[in-house]
Amino acid sequence: MDGAKNAEAADLPLLIVSEEVCEAVVSRADAFTAVEAVFGAMAKGDAWNFPVVREALGHADALYGFKSGFDRAGLTLGLKSGGYWPGNMAKGLTNHQSTVALFDPDTGRLQAIVGGNYLTAVRTAASSSVSIAHLARKDAKVIGMIGAGHQSAFQLRAALEQRSFEKVVAWNPDPSMLPRVEAVAKDAGLPFEALERDALCAEADVIITITSAFEPLLMRKWIKPGTHIACMGTDTKGKQEVDPAILMDSTVFTDEVAQSVTIGEAQHAVSSGGLADSAIVPIGDVINGDHPGRSSDNEITLFDGTGVGLQDLVVARVAMDRARAEGRAQSIIL
Ligand code: NAD
């Protein structure tokens with residue numbers, strides 16, 4: 001009997017789930033549900049990320065790394081391998097390249113190889129969306145976008161589903177990129193206005209920053225009471241999108257405190273002594289009902305979305321399960 005079971009397990013094919021299939025089978029709602037659940041599991045200690053490996057290759061100017069983890073609650077184990085190849089655009093490829101490998105947590109067997117580029121965008125958008133759902137004022141009407149790169153459209157589309165927004169305002173260092181954000185607003189039937197950063201902060205109730213900046217783009221004096229800011233661009237040591245004084249005057253939430261203080265937006269406020277690690281709240285605590293979240297309509301809340309491997313793994317798991325169920329995965333026997 002055991003022999004038959006083992007033979008069955010050994011015969012299970014390795015599934016290949018393409019970028020195209022991921023886009024077809026993983027919706028924004030799926031990503032939101034999966035990311036919210038895993039943030040909750042992380043805060044309970046039921047899921048954890050392993051140390052991130054990120055290296056400059058000394059070849060093709062590339063940065064390459066692994067993000068991995070284990071979700072014991074959802075039984076998802078694996079890694080995302082990927083990085084940044086700045087010369088790719090000239091070759092007709094996106095500069096960020098990601099692939100997810102999922103392993104059976106009971107046997108260690110490789111279960112699936114899943115395209116990670118679409119999933120990275122949709123899981124990053126889900127992260128800021130989860131923060132908006134749990135932390136933004138219920139009456140938020142204007143959303144402000146700082147950044148107009150590849151991720152920005154995914155971010156805005158997902159965020160618009162969290163509140164009854166009535167207007168989109170945006171800024172980018174290169175204004176010629178703003179039509180990408182404007183197109184999403186138009187698609188949602190909302191008015192769009194390009195504004196300078198101080199004017200954007202005066203209007204916006206929710207702000208998403210999604211840039212590759214290395215210096216503060218938003219100043220403390222511009223931020224009005226009650227604003228929710230999701231800082232999504234800072235995912236590496238040295239990057240920065242906002243004035244550290246904003247974090248000192250906010251309640252700061254994050255996906256993972258260890259990343260927030262080392263590679264996230266909070267690295268600057270923490271290293272200057274203005275913010276204690278212990279003051280940063282895992283958003284999973286809010287999701288689990290262990291922290292009240294926003295305490296008043298005047299409070300500034302800031303979500304430091306650093307991007308953890310488990311986000312990739314749980315959305316890849318959805319892709320694998322759906323692709324298998326719908327017969328859309330390619331399969332091979334290793
Ligand atoms: P992209 O290259 O398509 O766009 C970059 C954006 O940043 C553009 O709006 C560009 O104008 C702006 N920008 C570039 N240099 C800048 C500078 N010095 N100052 C201000 N703005 C600048 O990149 P993308 O795929 O949209 O990703 C945006 C950022 O988000 C990147 O930094 C990326 O590493 C980060 N990211 C974070 C996560 C996460 O989970 N937190 C996930 C994916 C990407």
Side-chain angles (χ1 to χ4, degrees), residues 31 34-35 38-39 42 49 52 54 61-65 67 69 80 82-90 93-98 100 116-131 144-159 170-184 194 196-197 200 207-219 229-243 253-256 258-260 262-267 283 302-315:
V35 167
V38 84
F39 284 167
M42 281 164 55
N49 295 287
V52 174
R54 196 164 161 91
D61 282 335
L63 281 176
Y64 175 68
K67 284 186 166 183
K80 174 165 92 166
Y84 186 73
W85 276 259
N88 273 6
M89 206 71 98
L93 296 168
T94 53
N95 291 349
H96 289 274
Q97 288 294 323
S98 307
V100 179
N117 293 344
Y118 164 75
L119 293 182
T120 297
V122 83
R123 69 70 144 152
T124 306
S127 174
S128 58
S129 269
V130 165
S131 85
M145 296 296 302
I146 300 287
H150 179 68
Q151 306 294 331
S152 65
F154 291 88
Q155 290 285 321
L156 180 58
R157 255 185 231 114
W171 175 88
N172 196 61
D174 174 1
S176 74
M177 293 170 76
L178 285 172
R180 174 184 268 138
V181 178
E182 184 174 9
V184 177
E196 288 308 320
R197 286 168 283 169
L200 180 147
I207 301 173
I208 297 177
T209 61
I210 183 76
T211 71
S212 308
F214 280 82
E215 67 278 308
L217 301 173
L218 301 186
M219 295 301 138
I229 309 171
C231 293
M232 303 305 297
T234 299
D235 55 1
T236 303
K237 198 167 166 44
K239 278 188 176 174
Q240 183 173 19
E241 295 189 294
V242 305
D243 181 357
F253 300 83
T254 189
D255 42 22
E256 187 180 85
Q259 283 202 173
S260 173
T262 50
I263 60 169
E265 193 62 39
Q267 62 183 288
I283 192 145
L302 185 144
F303 176 66
D304 185 4
T306 64
V308 294
L310 278 168
Q311 286 169 250
D312 299 291
L313 302 188
V314 295
V315 291

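Values below: all heavy atoms of this structure, side chains included; hydrogens, waters and symmetry mates excluded. Every number for a ligand or one of its atoms is a count from 1 in the order of the listing.
- Neither the backbone nor the side chain of Thr234 has a heavy atom within less than 4.0 Å of ligand 1.
- The protein non-hydrogen atom at the shortest distance from atom 17 (C) of ligand 1 is Ala213 CA, 3.7 Å.
- Between Glu215 and ligand 1 there is a heavy-atom distance shorter than 4.0 Å.
- Summarising the geometry, atom CG belonging to Leu302 is positioned 7.5 Å from atom OG1 belonging to Thr209; distances are rounded to the nearest 0.5 Å.
- Distances below 4.0 Å separate heavy atoms of Ala148 from the following atoms of ligand 1: 9 (O).
- Of all the heavy atoms of Arg123, the ones lying under 4.0 Å from any atom of ligand 1 belong exclusively to the side chain.
- To the nearest 0.5 angstrom, Gln151 atom CD is 9.5 Å from Arg180 atom CZ.
- Close approach of ligand 1 to Gly147 is summarised as follows: ligand atoms under 4.0 Å from at least one heavy atom of the residue are 9 (O).
- Between the CD atom of Gln97 and the CG atom of Asn117 there is a distance of 4.5 Å, given to the nearest 0.5 Å.
- Scanning the protein heavy atoms around atom 24 (P) of ligand 1, the nearest turns out to be Gln151 CG, 3.4 Å.
- Side-chain contact between Thr236 and Arg54: present, with at least one pair of heavy atoms (C-beta onward) separated by less than 4.5 Å.
- When side chains are defined from C-beta on, Arg123 does not count as touching Val314, because their heavy atoms never get closer than 4.5 Å.
- Of the protein's non-hydrogen atoms, the one nearest atom 4 (O) of ligand 1 is Gly149 CA, 3.3 Å.
- Distances below 4.0 Å separate heavy atoms of Lys239 from the following atoms of ligand 1: 31 (C), 32 (O), 33 (C), 34 (O).
- Considering both main-chain and side-chain atoms, Thr120 never comes within under 3.5 Å of ligand 1 through any nitrogen or oxygen pair.
- Separating the CE atom in Met42 from the CG atom in Leu310 is a distance of 6.0 Å, to the nearest 0.5 Å.
- Side-chain atoms of Glu265 come within 3.5 Å of backbone atoms of Val242 as a donor-acceptor pair (strictly under, hydrogens ignored).
- Distance check, rounded to the nearest 0.5 Å: CZ of Arg197 to CD1 of Ile207 gives 12.0 Å.
- Residue, atom and distance of the protein heavy atom nearest to atom 29 (C) of ligand 1 are Thr211 O, 3.4 Å.
- Using a 4.0 Å heavy-atom cutoff, Asp174 is absent from the residues neighbouring ligand 1.
- Both the backbone and the side chain of Ser212 come within 4.0 Å of ligand 1, counting heavy atoms alone.
- The N/O atoms of Ile210, backbone and side chain alike, include none that comes under 3.5 Å of an N/O atom in ligand 1.
- Ser128 and Gln155 share a side-chain donor-acceptor pair at under 3.5 Å.
- The OG1 atom of Thr124 sits 9.5 Å away from atom CG of Asp255, with the distance rounded to the nearest 0.5 Å.
- Nearest to atom 37 (C) of ligand 1 among the protein's heavy atoms is Met232 O, 3.1 Å.
- When only interatomic distances are considered, the shortest N/O to N/O separation between Asn172 and ligand 1 falls below 3.5 Å.
- Counting only heavy atoms, the protein never gets under 4.0 Å from atom 2 (O) of ligand 1.
- At under 3.5 Å, a nitrogen or oxygen of Asp235, whether backbone or side chain, sits near a nitrogen or oxygen of ligand 1.
- With no hydrogens or angles considered, a side-chain donor-acceptor pair links Glu241 and Thr211 at under 3.5 Å.
- With a 4.5 Å cut-off on side-chain heavy atoms, Thr254 and Gln259 do not count as touching.
- Classification of the Phe39-Phe303 ring pair by plane angle, with boundaries at 30° and 60°, yields tilted.
- Close approach of ligand 1 to Thr124 is summarised as follows: ligand atoms under 4.0 Å from at least one heavy atom of the residue are 38 (C), 39 (C), 40 (O), 42 (C), 43 (C).
- Taking any N or O of His150, backbone or side chain, at least one lies under 3.5 Å from an N or O belonging to ligand 1.
- Taking every non-hydrogen atom of Pro173 and a distance limit under 4.0 Å, the qualifying atoms of ligand 1 come out as 11 (O), 20 (C), 21 (N), 22 (C).
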